[in-house]
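First up is the structure itself, then whatever we jot down about it.
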Amino acid sequence: MSQTPWWSPERHADRRPALLARNRIQNAIRGWLAQQDFLEVDPVALQISPGNEAHLHGFETHAIGNDGIAHPMYLHTSPEFAMKKLLAAGEQRIFAFAHVWRNRERGALHSPEFTMLEWYRVGEDYTVLMQDCAAMLRLAAQAAGSTVLRFRGIECDPFAEPERMSVAEAFSRYAGLDLLATCDGAETDAEALRAQCRAVGIKVREDDTWSFLLSKVLVEKVEPHLGHGRPTVLDRYPAAEAALARPAPDDARVAERFELYACGVELANGFGELTNPAEQRRRFALEMDEKQAIYGERYPIDEDFLAALALMPPASGIALGFDRLAMLATSAPKIDDVIWTPVAEPQPKGDSSR
């Protein structure tokens with residue numbers, strides 16, 4: 001039996017308290033950012049590239065110009081490229097509540113279209129973003145009238161000081177692995193990590209890459225323990241997983257990248273931002289090579305973005321899944337419960353009902 005549609009009056013009445021709390025949380029965060037002298041911006045969603053991470057999947061469309069020629073365009077998976085261009089243009093503190101699109105993602109914690117809160121601080125260390133995150137958790141709970149964040153029976157105190165640990169520390173604590181022993185700067189040793197995994201009983205295959213194994217261990221062994229009782233800041237990602245973050249000044253094996261967790265749920269991903277265009281191009285090329293090998297496709301590189309990086313000042317930036325934050329603050333069981341109009345489920349092929 002199909003579920004009652006979200007737009008039925010009865011179900012909407014059940015959903016409405018969480019939706020109103022979502023609005024209060026958004027207003028509270030907007031007010032806090034305004035007090036911190038942030039400027040709200042509204043980046044367009046239609047971009048040359050949706051992003052260049054191997055495992056992020058964009059929605060493709062075509063823009064037809066006055067000449068009648070169709071050019072591939074994409075809905076962005078993050079407003080990051082556009083917002084960094086604004087930093088290059090001279091803005092100092094900016095934020096956006098941006099709708100973003102990610103294909104191949106649907107579930108209790110994933111929607112193909114969702115709201116991302118992204119903000120940037122020019123000239124400030126990325127650790128300041130950790131303090132911002134702690135403030136956001138408090139604001140969300142207060143606006144929702146809640147004392148805890150909750151998901152699937154796991155609780156997290158949003159008013160507690162976040163625990164901070166490195167990825168290497170977390171892998172040692174929860175999986176018994178010495179992750180950095182398999183790293184040499186940004187170079188990695190897949191065989192060494194496979195051997196360590198086998199030694200602690202983690203099943204691996206001979207063709208598993210280092211990146212795949214890191215993701216597997218993170219999801220299966222590490223993430224379920226994070227953000228219990230108090231928030232967790234998982235810091236200093238390996239340089240091979242730096243994405244758009246700069247290397248740490250004290251250890252070439254790690255980068256200025258962290259993720260925020262509550263109730264075992266990833267909420268945010270923050271960087272000390274990389275501003276080296278050549279290094280960013282190299283990373284994008286590697287990511288797209290991996291995407292081609294795994295999924296048989298690749299995305300174009302936004303040349304304007306790389307050109308803007310050369311002008312962009314040192315900055316820190318972060319993306320937070322706003323719907324997930326609202327979900328935990330209202331104890332909603334799934335992300336669609338805090339989205340005003342959830343994305344429709346595709347109809348099975350051959351279904352001609354109207």
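We number each residue from 1, following the sequence as shown. What you are looking at is a predicted structure, and each value in this text was computed from that prediction instead of being measured.
Smallest separation of non-hydrogen atoms from Ala54 and Tyr295: O-CE1, 3.4 Å. The shortest non-hydrogen separation linking Asp337 to Arg11 is OD1-NH2, 4.4 Å. In plain terms, the two heavy atoms of Ala329 and Ala140 that are nearest each other are CB-O, 3.9 Å. Looking at every heavy atom in both residues, Ala239 comes nearest to Ala252 through CB-O, 3.5 Å. Contact detail for Gly227 and Cys156: the closest heavy-atom pair is O-CB, 3.4 Å. Of all heavy-atom pairs between Pro43 and His76, the closest is O-CE1, 4.4 Å.
Counting heavy atoms from C-beta outward, Lys216 and Ile202 have side chains that approach closer than 4.5 Å. Side-chain atoms of Trp7 and Arg15, non-hydrogen and from C-beta on, never get closer than 4.5 Å to each other. Leu46 has its side chain within reach of Thr61: a pair of non-hydrogen atoms, C-beta onward, lies under 4.5 Å apart. Considering only heavy atoms from C-beta on, Met165 comes within 4.5 Å of Leu234 through its side chain. Counting only heavy atoms from C-beta outward, the side chains of Arg152 and Cys263 never approach each other to under 4.5 Å. In this structure the side chain of Phe271 reaches within 4.5 angstrom of the side chain of Glu80, judged on heavy atoms. The side-chain heavy atoms of Arg106 and Pro112, taken from C-beta on, include a pair separated by under 4.5 Å. The closest side-chain heavy-atom distance from Trp210 to Asp189 is not below 4.5 Å.
The aromatic rings of Phe284 and Phe81 are tilted relative to each other, their planes meeting at an angle between 30° and 60°. Between Phe322 and Phe97, the ring-plane angle classifies as perpendicular under the 30° and 60° cut-offs.
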Quick one, Leu129 with Arg121, criterion side-chain contact (heavy atoms from CB on, under 4.5 Å). Give me CA distance, side-chain angles, the key distance, then yes/no. CA-CA 8 Å; Leu129 300 174; Arg121 291 176 173 270; 4.3 Å; yes
Just do the side-chain contact (heavy atoms from CB on, under 4.5 Å) check on Leu213 and Val204 with the steps written out, would you? CA-CA 8 Å; Leu213 291 171; Val204 300; 3.5 Å; yes
Derivation of the salt bridge (charged side-chain N to carboxylate O under 4.0 Å, His left out) call for Glu279 and Arg246: CA-CA 10 Å; Glu279 171 60 15; Arg246 61 181 171 239; over 6 Å; no
Please step through side-chain contact (heavy atoms from CB on, under 4.5 Å) for the pair Glu155 and Leu149, ending with a clear verdict. CA-CA 6 Å; Glu155 293 187 351; Leu149 306 177; over 6 Å; no
Apply side-chain contact (heavy atoms from CB on, under 4.5 Å) to residues Phe305 and Asn52 and explain how you reach the verdict. CA-CA 12 Å; Phe305 170 66; Asn52 295 104; over 6 Å; no
Please lay out, stage by stage, how Trp6 and Asp336 fare under the test side-chain hydrogen bond (donor to acceptor under 3.5 Å, both in side chains). CA-CA 9 Å; Trp6 62 262; Asp336 281 1; over 6 Å; no
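A continuous path of hydrophobic side-chain contacts links Ile29 to Leu137 [ILVMFWY only; heavy atoms under 4.5 Å]. Hydrophobic clustering places Leu139 together with Val233 (ILVMFWY residues linked when any side-chain heavy atoms are closer than 4.5 Å, directly or through intermediates). Hydrophobic clustering (side-chain heavy atoms under 4.5 Å, transitive across Ile, Leu, Val, Met, Phe, Trp, Tyr) keeps Tyr120 apart from Leu274. Linking ILVMFWY residues whenever their side-chain heavy atoms come closer than 4.5 Å, directly or via other members, places Leu117 and Met327 in the same cluster. Hydrophobic clustering (ILVMFWY, side-chain heavy atoms < 4.5 Å, transitive): Met73 and Leu75 are in one cluster.
In this structure a side-chain-to-backbone donor-acceptor pair under 3.5 Å is missing from Thr188 to Ala190. Although no hydrogens or angles enter the test, the distance criterion places no donor-acceptor pair under 3.5 Å between the side chain of Lys85 and the main chain of Ala307. The backbone N or O of Leu306 lies less than 3.5 Å from no partner atom in the side chain of Gln280, so there is not a single donor-acceptor pair. Between the side chain of Arg298 and the main chain of Gln292, no donor-acceptor pair closer than 3.5 Å is present. Between the side chain of Arg324 and the main chain of Glu266, a donor-acceptor pair closer than 3.5 Å is present. A distance-only check finds a donor-acceptor pair linking the side chain of Thr182 to the backbone of Leu179 [under 3.5 Å]. In terms of modelled atom types and a separation under 3.5 Å, the side chain of Arg102 and the main chain of Thr77 share a donor-acceptor contact.
Annotation for Arg16: atom CZ does not count as buried by contact number, only 12 or fewer foreign heavy atoms lying within 6.0 Å. Other residues, nucleotides and ligands place more than 12 heavy atoms under 6.0 Å from the CG atom of Asp125. Within 6.0 Å of CD in Glu187 there are 12 or fewer heavy atoms belonging to other residues, nucleotides or ligands. At most 12 heavy atoms of other shown residues, nucleotides or ligands fall within 6.0 angstrom of atom CD1 in Ile48.
Using a cut-off of 4.0 Å between Lys/Arg side-chain N and Asp/Glu carboxylate O, Lys203 and Asp208 are scored as not salt-bridged. Between Arg283 and Glu290 no salt bridge is recorded (no basic side-chain N to carboxylate O distance below 4.0 Å). Between Arg22 and Asp323, at least one side-chain N (NZ, or NE/NH1/NH2) sits under 4.0 Å from a carboxylate O, which counts as a salt bridge. Salt bridge present: Asp207 and Arg205 bring a charged side-chain N and a carboxylate O closer than 4.0 Å. With salt bridges taken as basic N to acidic carboxylate O contacts below 4.0 Å, one links Glu124 and Arg93. The pair Arg164-Glu169 does not count as a salt bridge, with every side-chain nitrogen at least 4.0 angstrom from each carboxylate oxygen. Using a cutoff of 4.0 Å between basic side-chain nitrogens and carboxylate oxygens, Asp302 and Lys84 are not scored as salt-bridged.
Annotation: the span from Ile94 atom CD1 to Met83 atom CE amounts to 4.0 Å, rounded to 0.5 Å. Here Asp14 contributes atom CG and Ser8 contributes atom OG; the two are 8.5 Å apart, rounded to the nearest 0.5 Å. Here the NZ atom belonging to Lys291 is positioned 8.0 Å from the NE2 atom belonging to His55, to the nearest 0.5 angstrom. One distance of note links OG1 of Thr115 with CD of Glu113; it measures 7.5 Å at 0.5 Å rounding. Between atom CG of residue Asp157 and atom CZ of residue Arg138 there is a gap of 10.5 Å, rounded to the nearest 0.5 Å. Atom OG of Ser78 and atom CG of Asn269 lie 9.5 Å apart (nearest 0.5 Å).
With sequence neighbours left out, Phe258 forms a ring-ring contact (aromatic ring centres under 6.0 Å, His included) with no residue at all.
At a cut-off of 3.5 Å, with distance as the only test, no side-chain donor of Ser166 or Arg236 sits close to an acceptor on the other residue. Side chain to side chain, Glu259 and Tyr237 meet the donor-acceptor criterion of an N or O pair below 3.5 Å. Between the side chains of Asp235 and Tyr126, at least one donor N or O sits under 3.5 Å from an acceptor N or O.
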